[in-house]
Protein chains: 2
Amino acid sequence: MKNLTKRQTEIFNYIKDEIESNGYPPTRSEISKTFGFKSPNAAEDHLKALKKKGVLDLAAGTSRGITLSNQSSGIPVIGLVSAGGPILAEENIEKTIPNNPGILSHGVDFYLKVKGDSMIDVGIFENDLIAINKNIPVKKGSIVVARINDEVTVKTLTKISDSQVILRPENSSYSDIEVNPKKDNLIFEGTCVGLLRDFS
Amino acid sequence: MKNLTKRQTEIFNYIKDEIESNGYPPTRSEISKTFGFKSPNAAEDHLKALKKKGVLDLAAGTSRGITLSNQSSGIPVIGLVSAGGPILAEENIEKTIPNNPGILSHGVDFYLKVKGDSMIDVGIFENDLIAINKNIPVKKGSIVVARINDEVTVKTLTKISDSQVILRPENSSYSDIEVNPKKDNLIFEGTCVGLLRDFS
DNA sequence: TTAAATACTGTATATAATTACAGTTATGAA
DNA sequence: TTCATAACTGTAATTATATACAGTATTTAA
């Protein structure tokens with residue numbers, strides 16, 4: 001998101017939520033009422049700012065003519081992760097796909113396109129898209145996206161302690177990966193909350 | 001859909017399309033303009049009829065306050081198929097989940113909840129939801145939903161001719177199923193176009 | 001055959017909604 | 001210091017929108 005202020009983020013999220021739950025965007029006065037503005041122009045100003053920052057579009061003269069821009073409405077699909085930067089860096093985003101609230105039980109921050117066959121025993125195949133939530137605390141038994149010394153991998157987390165983390169490939173041809181979080185640089189990028197496969 | 005007339009179906013589909021492409025529902029006059037009505041009341045009447053038939057909801061006094069009802073916006077998830085009737089019969093619908101245009105390359109008519117392990121070698125596991133399109137012509141190599149003498153099954157179609165159809169389980173513990181369409185009652189319910197798995 | 005439903009036209013009005021203009025106050029960058 | 005941005009209040013006007021009422025003609029189910 002393009003440097004939204006705290007307040008702008010609040011407004012933007014409200015609009016997004018309204019669209020999702022109501023099926024149509026809010027009016028200026030509905031926004032004002034929600035945030036306690038005494039003038040609908042406060043909402044108007046915010047909408048203009050959000051439009052200027054490219055996160056939404058406004059249809060002139062149209063009631064409730066607010067739409068989320070492509071940039072802000074889609075969920076990024078991450079292909080290969082380049083070394084160094086954050087996983088959601090621009091250069092890693094292969095495309096975005098529409099948000100699909102209600103299909104999975106958890107929220108999805110991004111999709112990761114699966115490489116290799118290390119998880120086929122749990123039915124995760126190459127080129128599947130796995131849905132990742134960044135905020136669920138990782139726990140034993142979960143399928144996690146981990147970054148070990150800048151290499152990103154998807155495995156089942158089978159042990160987690162201060163001195164030892166074990167990541168298990170779900171494929172009998174591969175061996176467990178043991179990581180010492182004190183020595184190695186281990187980051188959990190998120191937990192797998194779903195899987196999407198497209199037969200095209 | 002609850003016995004919509006031809007005209008009502010047209011109106012309903014237009015509203016659905018507008019919501020999908022614009023992000024918000026149309027007004028009475030937009031509907032009227034599209035269909036050539038000379039009075040916005042024609043649209044009003046249609047909306048009332050569609051509401052009465054339960055396919056949409058109207059928020060009173062609210063501009064563009066049209067929402068598709070759950071019934072009409074969701075895609076049915078089929079659990080166990082009872083013998084005799086059509087696969088999409090009311091009693092087979094376990095729940096509905098929101099439509100997700102843009103995620104899969106083909107349209108989805110329903111989801112089928114997978115039973116058993118006969119397709120695990122292609123990564124289709126028990127309780128996965130497979131997305132089914134009813135209208136794609138079935139062809140060799142596709143994963144299809146077939147009904148053989150009233151029993152519904154998901155298999156790979158490996159041979160199809162007038163006298164012999166072979167359905168292959170993707171699990172080495174199972175054997176091919178040979179069907180003679182002249183003797184057995186064989187119906188193809190659709191082609192698998194995607195897969196959805198929820199890790200909850 | 002009769003009433004109800006369908007599919008509209010035509011008119012009218014209250015109110016919902018957008019949006020411009022004129023300000024105020026605070027903050028951070030040039 | 002000064003200007004741009006942010007975050008509002010307050011007022012007002014045009015226009016967008018919902019929606020009622022009164023009709024007409026046709027089709028469909030009881």
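A note on names: the letters A, B, ... follow the listed sequences, proteins ahead of strands, and every chain is numbered from 1.
- Using a distance-only test at 3.5 Å, with no hydrogens or angles considered, no donor-acceptor pair links the side chain of A:Asp117 to the main chain of A:Ile120.
- Side-chain proximity of B:Thr62 to D:dT5, C:dA17, C:dT19: nearest is C:dA17.
- Counting to the nearest Å, the C1' atom of C:dT6 and the CG atom of B:Leu4 are 13 Å from each other.
- In this structure, A:Ser21 contributes its side chain and A:Asp17 its backbone to a donor-acceptor pair below 3.5 Å.
- Within a 6.0 Å sphere centred on CG of A:Asp162, heavy atoms belonging to other residues, nucleotides or ligands number 12 at most.
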Hey, mind stepping through A:Arg168 and A:Lys155 against side chain to side chain contact (heavy atoms under 4.5 Å, CB included) and telling me if it holds?
CA-CA 5 Å; A:Arg168 173 165 299 166; A:Lys155 298 288 178 289; 5.9 Å; no
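- The minimum heavy-atom distance between B:Leu88 and B:Pro76, with the atom names listed, is CD2-CG, 3.7 Å.
- When the P atom of C:dC8 is taken as reference, atom CG of B:Leu47 falls 13 Å away, rounded to whole Å.
- At distances below 3.5 Å, not a single donor-acceptor pair connects side-chain atoms of A:Asp184 with backbone N or O atoms of A:Leu186.
- Listed for the B:Arg64 side chain is a donor-acceptor partner under 3.5 Å among the backbone atoms of B:Pro25.
- As rounded to whole Å, 11 Å separates atom C1' of D:dA6 from atom NZ of A:Lys52.
- Closest approach of B:Asn99 to B:Glu20, counting heavy atoms only: ND2-OE1, 4.0 Å.
- Between B:Ile11 and B:Gly61, it is B:Ile11 whose nearest contact on DNA chain C lies nearer the 5' terminus.
- Protein atom NZ of B:Lys51 is 17 Å distant from nucleotide atom P of C:dA5, rounded to whole Å.
- Residues from residues 36-43 of chain A placing a heavy atom under 4.0 Å of any atom in DNA chain C, listed by number, are A:Pro40, A:Asn41.
- Residues B:Leu56 and B:Ile66 come closest through the heavy atom pair CD2-CG2, 4.0 Å.
- For A:Asp128 (side chain) and A:Val114 (main-chain N/O), no donor-acceptor pair under 3.5 Å exists by modelled atom type.
- Between the P atom of D:dG23 and the CG atom of B:Asp45 lies a distance of 16 Å, rounded to the nearest Å.
- Within a heavy-atom distance below 4.0 Å of DNA chain D, the residues of residues 23-34 of chain B found are B:Thr27, B:Arg28.
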Please list, for nucleotides 28-30 of chain D, all pairs of protein and nucleotide N/O atoms separated by less than 3.5 Å.
none

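- Among residues two or more places apart in sequence or in another chain, the salt bridge (charged side-chain N to carboxylate O under 4.0 Å, His left out) test is passed with B:Glu126 by none.
- B:Glu10 has a carboxylate O that lies under 4.0 Å from a charged side-chain N of B:Arg7, or vice versa, which qualifies the two as a salt bridge.
- For A:His46 and D:dC8, the shortest distance from a side-chain N or O to OP1 or OP2 is below 4.0 Å.
- Looking at every heavy atom in both residues, A:Glu94 comes nearest to A:Gly79 through OE2-CA, 3.4 Å.
- Atom NZ of A:Lys115 has more than 12 heavy atoms from other residues, nucleotides or ligands within 6.0 Å.
- The phosphate of D:dA7 (OP1 or OP2) has a side-chain N or O of A:Gln8 nearer than 4.0 angstrom.
- Within the nucleic acid shown, B:Ala49 has no heavy atom closer than 4.0 Å to any nucleic acid atom.
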Side-chain atoms of residues 41-48 of chain A: list all donor-acceptor pairs with protein atoms under 3.5 Å, sequence neighbours left out, distances to 0.1 Å.
| from | atom 1 | to | atom 2 | distance (Å) |
| --- | --- | --- | --- | --- |
| A:Glu44 | OE1 | A:Arg28 | NE | 2.8 |
| A:Glu44 | OE1 | A:Arg28 | NH2 | 3.4 |

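- Under 4.0 angstrom from either OP1 or OP2 of C:dC8 there lies at least one side-chain N or O belonging to B:Arg7.
- Comparing the end axes of the helix from C:dT1-D:dA30 to C:dA30-D:dT1, each fitted to five base pairs by superposing C1' atoms of four pairs onto the next four, gives an inter-axis angle of 40° (nearest 10 degrees).
- The distance from atom CD of B:Glu44 to atom C1' of C:dC8 is 14 Å, rounded to the nearest whole Å.
- At the phosphate of C:dT6, neither OP1 nor OP2 sits under 4.0 Å from any side-chain N or O atom of B:Thr5.
- The phosphate of C:dT27 has neither OP1 nor OP2 within less than 4.0 Å of any side-chain N or O from A:Lys6.
- If you measure from atom CZ of A:Arg64 to atom C1' of D:dT15, you get 16 Å, rounded to the nearest angstrom.
- Using a 4.0 Å cut-off, some side-chain N or O of B:Lys53 falls inside it from OP1 or OP2 of C:dT6.
- Side-chain atoms of B:Lys48 lie closest to D:dA20 of the nucleotides D:dA20, D:dT5, D:dA16.
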